[in-house]
Amino acid sequence: MYRSKGSPRTYALYQNTVKKIKDQFNDRLLTSITRDELQKWLNDFGKSHAITTGEKLYRQLHVIIGAALDEGIISRDISKGLIYSGSKPQAADYKFLEYDEYITLLNYLRDNATFNQMTEEMMLFALMTGSRYGEVAGMTWDDINFKTATININKQWNPRLHKFMLTKNHGKSDRIVSIPDQYLPQLKEMKRVQQLYLKNTEHQRRHDWEWKTTTYHEEDMMFLSFTFKVPQNDSVNRRLDELHYQLGIKRIGMHGMRHTHATRLIYAGYSDWYIAKRLGHNSLKELHRTYGHVFEQMQAEADTKLRASIGQDYLGKASHKIVKIDPK
C-alpha cells in the first residue's frame, strides 16, 4: 500500500518479494515463523541468486517484520541478526569499456549513428552524457539547449507502460548537464532528418502524453525512429551485442555506456562531487559504492607515481652539508 505510489519498478520488486514469501511459507501465520527458518531460507536463496538480489530480499524482510512489530502483530524482531548471501556479481571491469575499446566504439558511433540507426544514436547519447536508458528514451527536443550546450534530464520513459515517469528516486535524479560542443552538430542533423521524415510521411499522430504542465506528441521525442517508436532497451542491447563481435570490443549493455562515461570522468580527474551530480547520484556514497573499484585502481596508480616522483626526490643528488656561519 505504501509503495504503490512509488516507481512501478520498485513496486514490482515488492510484489515479487510477496510472491517469494507466499511460495515459501504459504498461509502460515507470521507468529509461527522463527528466525532460524528465515535464516535457512536466506541461505538457500543465496545459493541460486546474486548477492545483490539476496540483499534486497533481506532488506525487504526487515521492512515487513518491522511493520508487523510496530503494529503489535508479533512481539519480537525475528529479522534481527539475519545474514544474506549470494554469488558475487559479474566482475566490475566487465561493466565498462577500457579506453581503447571506448575510443573504438566512439569512433564507430560518431561515423555511423544516424536517424536510420536510432539504436546507435541512443548509445552515443548515453556515452556522451552518462544517462540511464530510461532518461535517454525520455528525452524530448525541448530538453536540449543548443545555445548553452546543455540537456535537461527531468523525466524518463517507461516503454512497458508507454508513458513518462519521474527520474530515479522520485525525481531526485533530475539534473542539467553539459554536452560537448563537438557533439551538437550530430544532434542537429538527427533532428533535421527526423523532422523532415515526419513531415514527408503520411503518419497519423497516434499518441499524446501529458507530463506536468506540458503536452508532448510523438514528434517531440528526441529518439523517435522511422518506425515511429523509441527503440527499447532490449533492441539497443542486441545491437551492442552485434558490435561486440564486429568491433572486437567487450560485451556490455546499454547501462555499460553510463559506466564507461563515469569511468572516463574519474580517470580524467574530475571531482567526485561533479561526477555524482552529473550521473544523478544522491550522494558521494552511492558513487563510491558503484565505482569503488575504479577509485581503488586510481589509488594504486597514484601510489606508483608517488614512488617514482617523491621517491626520486628522496634519492636526489648529492646532499648539501650545513655550513656553519661565524656569528661575528
Side-chain angles (χ1 to χ4, degrees), residues 50 88-139 141 144 151 153 156-160 177 179-198 201 221-268 275 278-279 290-291 293-294 297:
K88 291 183 179 180
Q90 185 184 31
D93 61 343
Y94 285 104
K95 295 181 179 178
F96 67 91
L97 297 175
E98 299 295 343
Y99 182 75
D100 58 336
E101 296 175 310
Y102 155 73
I103 292 298
T104 297
L105 179 60
L106 180 61
N107 289 340
Y108 169 81
L109 294 176
R110 180 197 63 210
D111 297 337
N112 293 276
T114 64
F115 171 67
N116 291 326
Q117 296 288 341
M118 194 57 77
T119 52
E120 274 88 338
E121 289 283 13
M122 295 180 76
M123 293 176 205
L124 182 57
F125 189 85
L127 204 58
M128 291 288 96
T129 64
S131 305
R132 303 174 177 91
Y133 164 78
E135 296 168 345
V136 177
M139 290 296 296
W141 285 113
I144 183 169
I151 58 169
I153 300 173
Q156 62 177 328
W157 178 251
N158 187 315
R160 185 173 61 85
V177 301
I179 54 178
D181 291 330
Q182 299 89 333
Y183 177 43
L184 291 176
Q186 179 132 4
L187 290 174
K188 289 180 179 178
E189 177 62 12
M190 182 181 75
K191 181 179 182 180
R192 185 190 70 80
V193 176
Q194 181 197 67
Q195 300 301 313
L196 185 63
Y197 177 81
L198 292 173
T201 56
M221 303 286 283
M222 183 181 291
F223 294 101
L224 187 76
S225 71
F226 65 89
T227 63
F228 308 108
K229 296 179 181 178
V230 175
Q232 294 197 20
N233 196 30
D234 288 346
S235 298
V236 183
N237 287 337
R238 280 195 297 271
R239 181 60 187 138
L240 265 171
D241 203 43
E242 293 173 355
L243 292 177
H244 151 68
Y245 292 105
Q246 295 170 359
L247 301 178
I249 60 175
K250 191 181 299 176
R251 177 186 278 117
I252 59 172
M254 178 63 165
H255 206 65
M257 303 294 98
R258 174 175 166 84
H259 287 313
T260 300
H261 180 80
T263 54
R264 182 76 182 93
L265 295 178
I266 294 171
Y267 282 124
I275 299 172
R278 184 173 178 85
L279 295 177
T290 306
Y291 300 103
H293 60 287
V294 182
Q297 185 175 341

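In this text, all values refer to a predicted model and were calculated from it rather than measured experimentally.
Heavy-atom minimum distance, Leu243 versus Tyr108: CD2-CE2, 3.6 Å. Smallest separation of non-hydrogen atoms from Val236 and Pro231: CG2-CB, 4.4 Å. Considering all non-hydrogen atoms of both residues, Tyr245 and Asp241 come closest at CD1-O, 3.3 Å. The two residues Val230 and Met122 have their closest heavy-atom pair at CG1-CE, 4.1 Å. Across every non-hydrogen atom of Pro159 and Tyr133, the tightest pair is CG-OH, 4.2 Å. Residue Leu265 comes nearest to Arg278 through the heavy atom pair CD1-CD, 3.6 Å, listed as atom of the first residue, atom of the second, then distance.
Proximity of Gln186 to Glu121: side-chain heavy atoms (C-beta onward) are separated by under 4.5 Å at one or more points. Using a 4.5 Å heavy-atom threshold, the side chains of Phe223 and Trp157 count as separate. Contact annotation: the side chain of Leu198 approaches that of Leu224 to within less than 4.5 Å [non-hydrogen atoms, C-beta and beyond].
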Note to self: Could you go through Tyr291 and His259, starting from their C-alpha distance and side-chain angles, then the distance that decides it, and tell me whether this counts as side-chain contact (heavy atoms from CB on, under 4.5 Å)?
What the structure shows: CA-CA 8 Å; Tyr291 300 103; His259 287 313; 2.9 Å; yes

Next item on the list: I would like to know whether Val136 and Met257 meet side-chain contact (heavy atoms from CB on, under 4.5 Å); could you show each step before the answer?
Entry: CA-CA 11 Å; Val136 177; Met257 303 294 98; over 6 Å; no

Note to self: Would Met118 and Met190 count as a side-chain contact (heavy atoms from CB on, under 4.5 Å) here? Give the steps.
What the structure shows: CA-CA 9 Å; Met118 194 57 77; Met190 182 181 75; 3.9 Å; yes

Next item on the list: Apply side-chain contact (heavy atoms from CB on, under 4.5 Å) to the pair Leu124 and Leu106, showing each step before the final yes or no.
Entry: CA-CA 7 Å; Leu124 182 57; Leu106 180 61; 3.7 Å; yes

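Annotation: the span from Thr129 atom OG1 to Ile144 atom CD1 amounts to 10.0 Å, rounded to 0.5 Å. In this structure, CZ on Arg132 lies 7.5 Å from CG on Leu279, to the nearest 0.5 angstrom. The CE atom of Met221 sits 10.0 Å away from atom CD of Gln194, with the distance rounded to the nearest 0.5 Å. For the atom pair CZ of Arg238 and CG of Asn233, the computed distance is 10.0 Å after rounding to the nearest 0.5 Å. For the atom pair CE of Met254 and CD of Gln232, the computed distance is 13.0 Å after rounding to the nearest 0.5 Å. Atoms CG and CD, from Asp111 and Glu120 in turn, are 12.0 Å apart once rounded to the nearest 0.5 Å.
Under a 3.5 Å cut-off, the side chain of Arg258 and the backbone N or O of Gly130 do form a donor-acceptor pair. Formation of a donor-acceptor pair under 3.5 Å by the Asn107 side chain with backbone atoms of Ile103 is found in this model.
For Asp181, the side-chain contact (heavy atoms from CB on, under 4.5 Å) partners two or more places apart in sequence, or in a different chain, are Ala149, Leu184.
Ring geometry for Tyr99 against Tyr102 counts as tilted: the plane angle lies between 30° and 60°, on a 0 to 90° scale. Taking the six-membered ring where tryptophan is involved, the planes of Tyr197 and Phe115 are tilted, since the angle between them lies from 30° to 60°.
Donor-acceptor pairing under 3.5 Å is lacking for the side chains of Tyr183 and Arg110.
Geometric assessment of Lys250 against the ring of Phe96 yields a positive cation-pi assignment under the 6.0 Å and 45° thresholds.
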